[in-house]
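Here is the structure we will look at.
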Amino acid sequence: MVATTLPQPRRRRPFSWGNPLTYVLALAVAAVSFAPVIYVILGGFRTTGQLAADPAGLPDPWVWHTYANVVTQSKFWSELFNSTLIAVGTTLGVVVMGVCAAFVLSRYQFRGREALYTYFTVGLLFPAAAGILPLYLLLRDLDLANTYLGVIIPQVAFQLPITIVILRPFLAAFPAELEDAAAIDGADRLGFFWRILLPLSRPALVTVAVLAFVASWNSFLLPLLVLQNEGLHTLPLGVQNFSAEHSQDTAGILAFTSLAMMPALLFFSLAERQIVGGLQGAVKG
């Protein structure tokens, strides 16, 4: 009788970030993500005639007056101020209210805590566009239409679910022994929250702040319905108005668009490392 050996199943090679294919895929995703941004920025340094003759070409020669025409307009600076004020107000509201709610949901034990957290989580599934009309009617009845608060308050409400989902596991990951040691030193719950928890939660706070700032900066539908006064328009609305007024000036539209998105890109780039740390802490928690 001849013994037969069954073929051994092939073992899958473990995934490694050092695999060249990983870097190829990463470069491909980066190219797809950054190519439109680079095209818009470089398009502002060309004339409309150059864009029509060679849409995919590089600036030759480089034209600077297109950007100069945009930054010399008082309307641009007014819209920049409005966007900054609304984005900063939204960010402060989201961070303050989000960290307070996440602290209670992560460090306190009470009946209905998980149900309340689930309620906030379900908010992630609610599309803002679905409730924009009743929201506008509510803001109008409260005399908040054509005001900064009419945009800031709803944006804070829409950003709170994702903020709490990120912050709660991050705050819950701190050991109870740390809170006990603070109590021995004479710190109450608020003292522990203010002196210890907030400084240690900086990466998570920066993460939710950047997400709230970028979302507010890019918001279009809500400001479009709430801010009827052109003096209160934000930069996304300014891009639309500029495109309508200068429909033949393609280079000018690209220049205005690139300047409008530049603050959010810079803010996101400067806080990139803090964002990664905050998300890693939330996943570990």
Side-chain angles (χ1 to χ4, degrees), residues 33-91 128-129 132-133 135-137 139-140 143-155 158 212-269:
S33 302
F34 285 103
V37 178
I38 295 174
Y39 178 81
V40 171
I41 295 175
L42 292 180
F45 291 102
R46 307 176 69 192
T47 63
T48 302
Q50 292 175 351
L51 290 170
D54 187 9
L58 295 175
D60 186 25
W62 290 72
V63 178
W64 300 91
H65 67 80
T66 308
Y67 280 98
N69 292 337
V70 174
V71 298
T72 53
Q73 296 182 14
S74 59
K75 185 181 294 186
F76 170 80
W77 295 104
S78 174
E79 293 164 351
L80 177 63
F81 172 79
N82 296 334
S83 290
T84 303
L85 183 62
I86 292 175
V88 171
T90 300
T91 303
I132 199 69
L133 182 57
L135 176 61
Y136 170 75
L137 297 177
L139 294 174
R140 186 191 61 183
D143 292 331
L144 291 177
N146 273 323
T147 63
Y148 294 123
L149 288 178
V151 179
I152 292 175
I153 294 176
Q155 287 187 159
F158 287 132
F213 184 90
V214 173
S216 175
W217 191 272
N218 295 331
S219 179
F220 177 80
L221 182 58
L222 183 62
L224 177 65
L225 294 178
V226 176
L227 303 176
Q228 302 297 328
N229 185 359
E230 288 193 5
L232 300 177
H233 279 187
T234 58
L235 278 175
L237 299 182
V239 171
Q240 182 197 41
N241 296 334
F242 188 89
S243 301
E245 296 174 1
H246 306 81
S247 58
Q248 303 299 324
D249 187 9
T250 306
I253 295 174
L254 293 178
F256 197 105
T257 304
S258 61
L259 289 175
M261 66 182 179
M262 197 60 64
L265 287 176
L266 292 177
F267 187 41
F268 188 88
S269 301

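A quick note: this is a predicted structure, and the numbers were derived from the prediction, not measured. This chain uses plain numbering: 1 for the first residue, then up along the sequence. Basis for what follows: all heavy atoms, side chains included, without hydrogens, waters or symmetry-related copies.
Judged purely by atom type and a 3.5 angstrom limit, Tyr39 uses its side chain to pair as donor or acceptor with the backbone of Pro55. Judged by distance alone, the side chain of Thr90 and the main-chain N or O of Ile86 form a donor-acceptor pair under 3.5 Å. Asn146 places a side-chain N or O within 3.5 Å of a backbone atom of Asn229 that can act as its donor or acceptor partner.
Applying the salt bridge (Lys or Arg N to Asp or Glu O under 4.0 Å) rule to pairs touching residues 253-268 yields nothing, sequence neighbours excluded. Each salt bridge (Lys or Arg N to Asp or Glu O under 4.0 Å) pair with one or both residues in residues 218-238, not counting sequence neighbours, would appear here, but there are none. Applying the side-chain hydrogen bond (donor to acceptor under 3.5 Å, both in side chains) test to residues at least two apart or on different chains, the pairs with a partner in residues 45-54 are Thr48-Asp249. Sorted by first and then second residue, the side-chain hydrogen bond (donor to acceptor under 3.5 Å, both in side chains) pairs involving residues 218-228 (not counting sequence neighbours) are Gln155-Ser219.
Residues Val70 and Phe256 come closest through the heavy atom pair CG1-CD1, 3.5 Å. The minimum heavy-atom distance linking Ser216 with Ala87 is given by the pair OG-CA, 3.3 Å. For the residue pair Asn82 and Leu232, the shortest heavy atom distance occurs at ND2-C, 3.2 Å. Thr91 approaches Ala212 most closely through the heavy-atom pair OG1-C, 4.1 Å. Residue Ala264 comes nearest to Val214 through the heavy atom pair O-CG2, 4.3 Å, listed as atom of the first residue, atom of the second, then distance.
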In a table with atom names and distances, give each donor-acceptor pair under 3.5 Å that connects a side chain of residues 59-67 to protein atoms at least two apart or in another chain.
residue: Tyr67; atom: OH; partner: Ile41; partner atom: O; Å: 2.7
residue: Tyr67; atom: OH; partner: Ser258; partner atom: OG; Å: 2.9

Donor-acceptor contacts under 3.5 Å from residues 72-81 side chains, at least two apart:
residue: Thr72; atom: OG1; partner: Ala68; partner atom: O; Å: 2.9
residue: Thr72; atom: OG1; partner: Asn69; partner atom: O; Å: 3.1
residue: Trp77; atom: NE1; partner: Val71; partner atom: O; Å: 2.5

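Atom CG of Leu139 is separated from atom OG1 of Thr147 by 7.5 Å, given to the nearest 0.5 angstrom. Remark: Leu235 CG to Thr84 OG1 distance equals 7.5 Å, nearest 0.5 Å. Here the CE atom belonging to Met262 is positioned 11.0 Å from the OG1 atom belonging to Thr257, to the nearest 0.5 angstrom. Thr234 OG1 to Gln240 CD: the interatomic distance, rounded to the nearest 0.5 Å, is 10.0 Å. Between Ile132 atom CD1 and Leu225 atom CG the span is 5.5 Å, to the nearest 0.5 Å.
Contact annotation: the side chain of Leu135 approaches that of Leu222 to within less than 4.5 Å [non-hydrogen atoms, C-beta and beyond].
With sequence neighbours excluded, no residue forms a side chain to side chain contact (heavy atoms under 4.5 Å, CB included) with Asp143. For the side chain to side chain contact (heavy atoms under 4.5 Å, CB included) test, residues two or more places apart in sequence or in another chain that qualify with Ile153 are Leu144, Leu149. Applying the ring pair (Phe, Tyr, Trp, His ring centres under 6.0 Å) criterion to Phe213, with sequence neighbours excluded, gives Trp217, Phe267.
With hydrogens and angles left out, the side-chain atoms of His233 and Asn241 include a donor and acceptor closer than 3.5 Å.
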